[in-house]
A.B. asks: 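Sending over a structure as structure tokens; questions will come in a sec.
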Amino acid sequence: MINLDFSLAVSLYIFFVLNITLLIWLFSRKQKDKDLSLDHKFIWFCSVCTYTYVNTKEDLISLCPRCGSYNKKSS
């Protein structure tokens with residue numbers, strides 16, 4: 001039989017629980033990074049103030065959030 005001190009048992013328990021929690025967090029973080037891909041058609045570039053912004057609507061003309069000018073998407 002293995003003799004195990006109570007403090008060592010608690011330390012091992014905490015070590016394994018923290019490692020499992022860390023692995024779950026890393027795995028979920030990796031899944032979130034995959035979901036953040038952005039299509040290039042939603043990235044807009046303002047021709048007046050050179051501000052790059054994201055507009056998820058599929059409009060042909062977009063309003064720049066910084067300077068308020070209208071921008072047309074070039075295909």
Side-chain angles (χ1 to χ4, degrees):
M1 181 166 186
I2 299 173
N3 288 331
L4 193 61
D5 187 22
F6 179 72
S7 62
L8 180 62
V10 170
S11 299
L12 288 174
Y13 175 75
I14 290 173
F15 176 77
F16 285 116
V17 168
L18 287 177
N19 279 333
I20 289 172
T21 305
L22 178 67
L23 288 175
I24 291 172
W25 178 75
L26 286 175
F27 182 73
S28 66
R29 181 79 179 163
K30 205 170 204 176
Q31 290 293 330
K32 284 183 181 178
D33 289 342
K34 288 181 181 177
D35 295 338
L36 290 177
S37 64
L38 185 62
D39 195 1
H40 288 285
K41 66 182 178 183
F42 297 127
I43 298 174
W44 289 75
F45 182 75
C46 181
S47 60
V48 176
C49 68
T50 66
Y51 183 65
T52 304
Y53 60 98
V54 176
N55 186 359
T56 56
K57 298 176 186 173
E58 295 188 23
D59 295 336
L60 294 178
I61 297 175
S62 175
L63 184 66
C64 176
R66 179 183 269 176
C67 67
S69 65
Y70 290 100
N71 295 296
K72 186 175 181 181
K73 191 73 164 183
S74 58
S75 309

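Numbers for residues simply follow the sequence, beginning at 1.
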A.B. asks: Please report the closest heavy-atom contact between Ser47 and Asn71, naming both atoms and the distance.
C.D. replies: N-OD1, 3.1 Å
A.B. asks: Rounded at 0.5 Å granularity, tell me how far CZ in Phe42 sits from NZ in Lys73.
C.D. replies: 9.5 Å
A.B. asks: Applying side chain to side chain donor-acceptor pair (under 3.5 Å), name anything that partners Thr50, two or more places apart in sequence or on another chain.
C.D. replies: none
A.B. asks: Please tabulate, one pair per line, all N/O donor-acceptor pairs under 3.5 Å involving side-chain atoms of residues 58-70, not counting sequence neighbours.
C.D. replies:
from	atom 1	to	atom 2	distance (Å)
Ser62	OG	Tyr53	OH	3.1
Ser62	OG	Asn55	ND2	2.8

A.B. asks: Linking Ile, Leu, Val, Met, Phe, Trp and Tyr by side-chain heavy atoms under 4.5 Å, what else ends up with Val48?
C.D. replies: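 Cluster partners of Val48: none, it stands alone.
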A.B. asks: Could you tell me which residues satisfy side chain to side chain donor-acceptor pair (under 3.5 Å) with Asp5, sequence neighbours excluded, listed by chain and number?
C.D. replies: Ser7
A.B. asks: Which ILVMFWY residues are connected to Phe45, directly or by a chain of links, through side-chain heavy atoms under 4.5 Å apart?
C.D. replies: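 Same cluster as Phe45: nobody, lone residue.
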A.B. asks: Kindly list each side-chain donor-acceptor pair under 3.5 angstrom involving residues 13-25, sequence neighbours excluded, with atom names and distances?
C.D. replies:
from	atom 1	to	atom 2	distance (Å)
Asn19	ND2	Phe15	O	3.4
Thr21	OG1	Val17	O	2.8

